[in-house]
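What follows is a single structure, written as structure tokens, with notes after it.
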Amino acid sequence: MRLDDQMSREEILEELRSLRKSYAVLHEGEELTGSGSWLWDIENDSALFSRQWLDIHGVEQAGLSMDEMFTLIHPDDRLAVMAALRDALDGAAPFDIEHRVVRRSDAETRVVHARGRVRRDPYGRAAAFHGAATDITGRAQAARDLRRANAFLEQLIESAKTLVVCLDASGRVLICNKAVERLTGYSRTELIGTDWFEALVPRDRFPDIPETFRSVLHDTDFPEFYENPVVTKGGVLRFISWQNSRFPGVDGQVFVVSFGHDITEQVKAEEALKKSRIQAALLSDFLENSLQPFLAAQADGRIAILNKAFADLLGYSRDELLWLDWIEDLSPPENLAAEREHLGRLTQTGQPVRYEKEFLRKDGSRVPVEMYVHLHKRASGSVDYCYAFISDMTESKASRERLQAALAAVEASSRAKSEFLANMSHEIRTPISAILGLAELSLRVPDPESSSQHLRMISESAKTLLAIIGDVLDLSRVEAGKLELECRPFRLADVIQKALAPFRSPCEAKGLGLSARVEPGVPEFLLGDPVRLGQVLTNLLGNACKFTGEGRIEVAVARMAAVSPSLAMLHFSVADTGIGIAPSQTALIFESFRQADSS
């Protein structure tokens with residue numbers, strides 16, 4: 001505004017009207033742009049602020065000093081603004097800075113973009129500073145939100161276990177996350193800018209995969225999902241399931257963003273399942289056509305699997321046997337306890353058990369079988385099911401019974417022969433001992449009368465021996481398993497004296513007394529087998545003479561309770577003062593070929 005003394009009143013008014021118009025235009029422009037301006041007269045150290053600038057800063061009064069202006073700047077930004085203003089005044093840099101202000105009226109923090117220009121005097125000194133401030137709070141907040149969202153998105157992609165890869169139209173890697181690094185073994189530096197298909201999906205090994213990528217780039221109906229292998233840095237083949245998205249760039253380029261999941265274990269599991277199904281089919285076919293019966297039952301005993309051989313063995317159809325309890329429904333009641341014991345041992349040890357049992361056929365008959373039962377447990381240790389291989393024992397059991405009968409017959413025959421030989425050994429030894437004893441006595445006592453008596457006794461012993469040898473030769477009696485006793489009249493005293501005679505000389509030599517005592521009431525004449533009776537007495541006397549060192553030996557006969565008028569039950573005993581027989585060995589002397597003392 002130019003005012004001087006030469007201007008008329010009309011000129012002054014016109015100048016004022018022009019100035020108001022200019023201010024109105026300036027104010028409207030500031031409102032439209034959200035800006036406010038200010039002027040700092042450096043020479044006079046005064047400042048002017050537009051209404052819009054004051055509104056942005058929440059100031060009511062128009063008169064502000066520069067010091068007051070600086071108090072409106074946020075404390076954290078104040079030094080930076082003052083430094084930028086100083087640089088502008090010094091000519092080092094233009095004044096252009098974003099900073100926060102704290103509105104005086106409501107203490108609200110706003111963000112402004114401040115710019116300014118220095119006006120200098122003819123000498124280059126800063127004379128005035130024209131500044132402007134634009135409220136960019138909304139834009140700054142949007143920028144902060146965008147940066148925060150981008151940071152969150154980057155963190156999300158980076159921390160995701162999902163593979164994230166962005167490729168350009170040529171297949172070069174533009175973006176990848178840590179999951180890609182972990183899977184491939186390559187660092188991000190090695191991957192960025194690298195041809196994905198050359199590095200990780202060699203075209204010579206997988207030529208169809210680049211074609212799939214080109215389809216994603218150009219086709220309208222591109223494959224959103226597909227699977228392909230990836231070769232890691234270590235040469236390991238991994239299988240990835242991809243979900244693909246196509247994005248156009250600002251410059252007309254097309255990018256492909258793919259999200260991948262490692263399905264290597266799933267692929268391996270599917271391959272293993274496929275092989276397992278093939279093996280299961282082969283095993284099922286083998287079991288079904290096997291001639292050996294087979295069943296598999298759940299933990300509760302119900303049949304879940306069986307083959308034709310098992311159904312034929314019991315005379316049922318397959319459907320009739322399915323879900324029957326193979327123990328409770330198909331076993332005789334008297335065998336259940338034993339079978340539960342076998343299966344209890346199977347459950348406790350986990351080891352297969354083999355045992356014999358009987359199954360009940362549909363017609364009620366029984367079939368003997370041999371069971372070989374195995375147990376299958378879950379990972380938790382609980383019983384899943386058991387399965388059994390079954391052998392029909394009908395023929396083998398019959399053969400075994402015939403063999404056992406034959407062996408029993410052979411053993412009985414052998415036992416009879418052994419018993420016979422045991423008896424014969426004693427019977428033969430007794431007369432021979434008598435003959436030798438009488439012969440030795442005759443040689444010592446050359447008395448014709450005694451010698452004649454001895455010869456008669458030798459003759460009797462020889463006859464006894466001859467009778468025994470006759471028994472040995474009589475094999476028919478051996479095969480019958482018994483030795484028949486004779487029944488003829490004899491005088492009891494003769495038998496006793498005949499038994500004592502061979503031992504008189506040995507007893508005299510040892511200083512032993514030898515006598516016989518017959519109780520009253522014992523018949524003088526009897527019917528029986530004097531030879532066997534004499535053999536028994538001779539054996540007992542021989543043992544008494546052998547094991548008695550001093551004292552005496554006595555043969556005693558007493559009559560026991562009468563059985564009938566024609567029968568006499570006699571009690572014969574040979575008592576001595578020798579060492580006797582231990583109670584633990586008394587039973588042995590009655591066994592074949594057994595003695596309490598074999599010396």
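Residue numbers run from 1 in the order of the sequence given.
Residues V231 and L200 are not in side-chain contact: their nearest non-hydrogen atoms beyond the backbone lie 4.5 Å or more apart. The closest side-chain heavy-atom distance from L163 to K178 is not below 4.5 Å. Using a 4.5 Å heavy-atom threshold, the side chains of R144 and L146 count as separate. Using a 4.5 Å heavy-atom cutoff, the side chains of F70 and S65 are not in contact.
Annotation: F359 is in aromatic contact with F310 [ring centroid separation under 6.0 Å]. A centroid separation of less than 6.0 Å is found between the aromatic rings of F197 and F213. Ring to ring, F247 and F255 are not that close: their centroids are 6.0 angstrom or more apart.
Scanning all heavy atoms of the two residues, the minimum distance from A88 to V118 falls at O-CG2, 3.5 Å. When all heavy atoms are compared, the tightest approach of I240 to L183 is CD1-CD2, 3.6 Å.
Under the 3.5 Å distance criterion, the side-chain polar atoms of R318 are matched with a main-chain donor or acceptor of L306. Without hydrogens or angle criteria, S35 side chain to A132 main chain gives no donor-acceptor distance under 3.5 Å. The closest donor-acceptor contact from the side chain of T349 to the backbone of R345 lies under 3.5 Å. E320 contributes a side-chain N or O that, together with a main-chain N or O of S317, makes up a donor-acceptor pair within less than 3.5 Å. D392 contributes no side-chain N or O that, together with a main-chain N or O of Q292, makes up a donor-acceptor pair within less than 3.5 Å. Judged by distance alone, the side chain of D325 and the main-chain N or O of D329 form no donor-acceptor pair under 3.5 Å. No donor-acceptor pair under 3.5 Å is formed between the side chain of S382 and the backbone N or O of R378.
Cation-pi geometry between K357 and Y355 is not met at under 6.0 angstrom from the ring centre and within 45 degrees of the axis.
For the atom pair Y316 OH and L330 CG, the distance stands at 6.0 Å (nearest 0.5 Å). Separating the CZ atom in R139 from the CD1 atom in I136 is a distance of 4.5 Å, to the nearest 0.5 Å.
Between R340 and E328 there is a salt bridge, since at least one side-chain N of the basic residue sits less than 4.0 Å from a carboxylate O of the acidic one. For E108 and R110, the salt-bridge test passes: some basic side-chain N is under 4.0 Å from an acidic carboxylate O.
Residues passing the salt bridge (Lys or Arg N to Asp or Glu O under 4.0 Å) test with D87: none are found, sequence neighbours excluded.
Residue-environment remark: CG (L291) stays at or below the threshold of 12 foreign heavy atoms within 6.0 Å. Open room surrounds CD1 on I175; 12 or fewer heavy atoms of other groups in view lie less than 6.0 Å from it. Around the CZ atom of F286, the shell of radius 6.0 Å holds no more than 12 heavy atoms that belong to other residues, nucleotides or ligands.
Aromatic ring pairs are classed by plane angle as parallel below 30°, tilted from 30° to 60° and perpendicular above 60°; the pair H57 and W53 is parallel.
When only modelled atom types and interatomic distance are considered, R238 and T264 share a side-chain donor-acceptor pair under 3.5 Å. A donor-acceptor pair shorter than 3.5 Å can be found between the side chains of H113 and D96.
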*Report the C-alpha distance between R361 and D363 in whole Å, list the side-chain angles of each, state the deciding distance to 0.1 Å, and finish with yes or no for salt bridge (charged side-chain N to carboxylate O under 4.0 Å, His left out).*
CA-CA 5 Å; R361 286 194 173 102; D363 59 8; 5.4 Å; no
